[in-house]
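In what follows, every heavy atom counts, from backbone to side chain, and hydrogens, waters and symmetry copies are set aside. In what follows, every chain begins at residue 1, and chains take the letters A, B, ... in the order their sequences are listed.
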Amino acid sequence: MTEREQKKKPAETRENTEETTEELVNVHGTASGEKLKAEMDDLLDEIDEVLEENAEEFVRNYVQKGGE
Amino acid sequence: MAIKKIIGIETEYGITAKGKFATNPVSASSFLVNSYAHEMFEKNTKWDFTDEQPGRDARGFLAESSGVPLIETQLINVVLYNGARFYVDHAHPEYSSPECGSPLEATLYDAAGQLVLRKAMAKAKESLNDNEEIVVYKNNSDGKGNSYGCHENYLMDRTIPFSKIVDEILPFLVTRQIFCGAGKVGCENSKEQIEFQISQRADFFEEIVGLETTTKRPLVNTRDEPHANSDKFRRLHLILGDANMSQTSTFLKLGSTALVLAMIEDNSLFSNAFRLADPVREIKRVSHDINLSHLLTTDSADKISAIDIQYRFLEAAQNYVLRGGGEFVGGDEIAKNILELWEDTLDKLAVDPMKLNGTVDWVAKYRLVSAYRQRHDLKWNSDKLAAIDLQYHDIREEKSLARLANLETLFSTAEIRAAENEPPHSTRAYFRGKILSKWPANIVSANWDSIVFDLGGKSLKKIPMLDPMKGSFEIVANLIDETKTVAELIDKLEA
């Protein structure tokens with residue numbers, strides 16, 4: 001077995017439930033967790049500041065002709 | 001035998017307009033390209049279509065009614081000082097990068113393309129009314145079933161059979177999206193309910209191999225236009241990739257693909273090659289599986305994950321580079337960077353994909369969308385989430401959500417600015433770009449493999465450039481510097 005194969009973790013051994021993915025962005029209680037949560041809160045505030053005001057209209061009007 | 005992977009990347013941008021161009025994306029795109037061209041050039045150098053044959057098929061025949069649209073030659077089409085082509089393709093502005101000598105260089109010139117589009121938007125805005133604006137998006141889908149492409153081109157040895165390339169690269173192409181997918185909220189062209197998927201483009205593929213690009217899209221496109229000496233070269237035209245906001249994703253996409261292609265040319269891939277039982281179905285399944293748990297089925301009924309398929313290609317590439325394969329992708333240092341990035345990315349995908357939120361687009365986008373969804377308790381089909389998806393690809397600094405995602409960059413602003421007007425030194429793009437900036441009044445038209453000069457006499461002079469590696473800085477820089485007139489240049493070239 002090569003060195004790389006020893007250190008890699010095959011994908012099948014991961015827990016693969018829907019909850020797992022949701023929790024990846026759901027940060028809990030630790031000190032660094034609090035910091036990450038604060039950073040994410042700031043980021044979400046920034047998104048609200050720059051996001052197109054009327055999301056429904058923006059999405060509805062975004063129609064493209066196929067290309068290529 | 002492997003040859004140096006000369007690489008180009010072409011991006012069709014999505015376009016929206018407020019005001020007089022609102023209902024006409026062709027006019028909006030033309031206005032945008034014109035706005036940039038007028039600012040940059042005293043005289044636009046036209047693109048020359050006389051030698052283009054997009055209907056020629058790599059499998060050896062010329063399609064009679066292939067559905068390939070006629071090229072709209074009347075639409076605006078300019079050559080840039082960096083050797084790129086900036087034009088209107090159907091109803092989109094498109095930037096085709098110059099030919100580049102390495103995946104890293106091609107990534108830089110893709111970033112320079114974004115700068116060109118940003119400048120074009122700003123320039124257009126100056127001549128529009130206050131309530132009018134044209135905005136472009138570097139994505140591949142409108143969320144309503146319409147898609148437009150980000151195509152890659154790789155120079156290959158003509159003697160390698162096309163069917164061998166297709167057979168050997170398919171498992172790689174179907175699974176590489178796990179590190180270069182741009183992410184998408186929802187699903188198109190399918191009855192499935194998907195909350196979020198890895199790729200923008202996977203929903204749109206229906207065939208394994210074919211000539212089409214707009215309907216019945218194939219995983220491997222057979223367009224056989226080498227734009228070079230067709231006895232020696234093939235240009236592999238890949239249409240299945242997503243346009244990336246992350247420079248790292250673009251670099252890894254181009255770098256890993258170039259290495260795999262060089263290995264195919266050198267018969268260095270696997271001693272026991274494997275194929276997927278149903279690649280068209282698998283590209284969608286891999287895209288729809290953000291937990292990366294799906295097992296793909298091989299033609300011998302084995303089950304293997306996308307990550308493990310990528311580890312197999314990575315391991316072959318590591319051995320190949322140890323044996324000197326790096327020379328075909330820009331040298332050992334670039335090859336080492338590709339391999340380290342590839343391995344690190346796969347290791348993180350296997351353990352905790354969210355660690356890649358600064359380098360992999362689909363992860364960065366998922367992080368924004370899912371956190372926003374949780375905060376506002378939204379359903380996955382909410383317009384707000386669709387808007388975040390679209391606006392991730394807005395290339396205006398002040399509006400781009402990809403910028404808020406704080407993606408790592410590979411180049412400084414100064415390097416990208418320089419690449420807007422300075423051609424790559426490694427290919428014939430150098431000759432094209434430099435000739436254009438030195439003698440703009442004498443150039444009638446240009447395309448990938450020739451330039452037509454006007455020497456003031458009765459006839460025009462066409463100079464062929466059939467080898468993409470000739471015309472580089474090393475070969476022609478002194479010649480161009482020491483020559484005063486185009487007539488003198490042509491005398492020297494023909495001597």
Side-chain angles (χ1 to χ4, degrees), chain A, chain B residues 12 14-16 22 25 89-92 94 137 141-144 146-149 151 213-215 217 239 290-293 295 305-308 311 314-315 318 343 346-347 349-354 366-368 370-372 374-375 382-384 386-388 390-391 398-401 404-405:
Chain A
M1 189 178 255
T2 65
E3 191 185 337
R4 188 188 50 69
E5 279 175 327
Q6 284 166 11
K7 80 173 185 183
K8 91 178 187 204
K9 297 187 184 174
E12 302 94 281
T13 62
R14 291 175 48 227
E15 287 179 45
N16 287 309
T17 62
E18 281 299 309
E19 289 75 15
T20 310
T21 316
E22 287 287 318
E23 280 180 19
L24 291 172
V25 291
N26 219 349
V27 184
H28 300 293
T30 64
S32 67
E34 288 297 325
K35 185 165 167 284
L36 284 173
K37 187 173 182 308
E39 280 173 12
M40 182 51 93
D41 280 341
D42 290 346
L43 181 57
L44 294 176
D45 290 341
E46 284 185 81
I47 291 178
D48 273 326
E49 279 167 31
V50 303
L51 195 62
E52 295 288 339
E53 277 178 30
N54 188 337
E56 189 188 345
E57 188 183 273
F58 170 53
V59 170
R60 190 177 61 236
N61 289 342
Y62 192 88
V63 181
Q64 301 292 307
K65 292 199 173 170
E68 310 170 60
Chain B
E12 290 179 331
I15 185 164
T16 62
D89 191 21
H90 305 281
H92 300 270
E94 175 159 343
Y137 296 82
S141 144
D142 66 358
K144 301 169 184 71
N146 303 308
S147 186
Y148 33 100
H151 300 175
T213 58
T214 53
T215 59
R217 289 188 182 88
I239 69 164
I290 60 170
N291 291 309
L292 305 174
S293 59
L295 298 179
S305 72
I307 293 176
D308 284 340
Y311 270 127
L314 168 66
E315 189 168 308
Q318 286 166 330
E343 180 166 19
L346 294 181
D347 288 348
L349 285 170
V351 179
D352 182 2
M354 286 301 131
Y366 181 78
R367 176 167 165 263
L368 299 186
S370 56
Y372 195 90
Q374 283 180 33
R375 177 194 266 193
S382 151
D383 285 327
K384 287 267 190 197
I388 292 174
L390 291 174
Q391 214 175 313
E398 71 280 11
K399 282 288 196 178
S400 170
L401 297 187
L404 286 187

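A donor-acceptor contact under 3.5 angstrom links the side chains of B:Tyr311 and B:Asp347, judged on distance only. No donor-acceptor contact under 3.5 angstrom links the side chains of B:Asp89 and B:Tyr148, judged on distance only.
Under a 4.0 Å N-O distance rule, the pair A:Asp45/B:Arg375 qualifies as a salt bridge.
Contact annotation for B:Lys144: only side-chain heavy atoms (C-beta onward) come within less than 4.5 Å of a heavy atom of chain A. In this structure, chain A has no heavy atom under 4.5 Å from any part of B:Glu94. Residue B:Leu346 does not touch chain A at all, counting heavy-atom pairs closer than 4.5 Å. Heavy atoms of B:Leu401 lying under 4.5 Å from chain A belong exclusively to its side chain. Neither the backbone nor the side chain of B:Ser400 comes within less than 4.5 Å of any heavy atom in chain A.
Between chain B and the residues A:Leu44, A:Val50, A:Val59, the largest count of heavy-atom pairs under 4.5 Å involves A:Leu44.
In terms of heavy atoms, A:Tyr62 sits closest to B:Ile15 at OH-N, 4.5 Å. In terms of heavy-atom proximity, B:Lys399 sits nearest to B:Gln391 at O-NE2, 3.1 Å.
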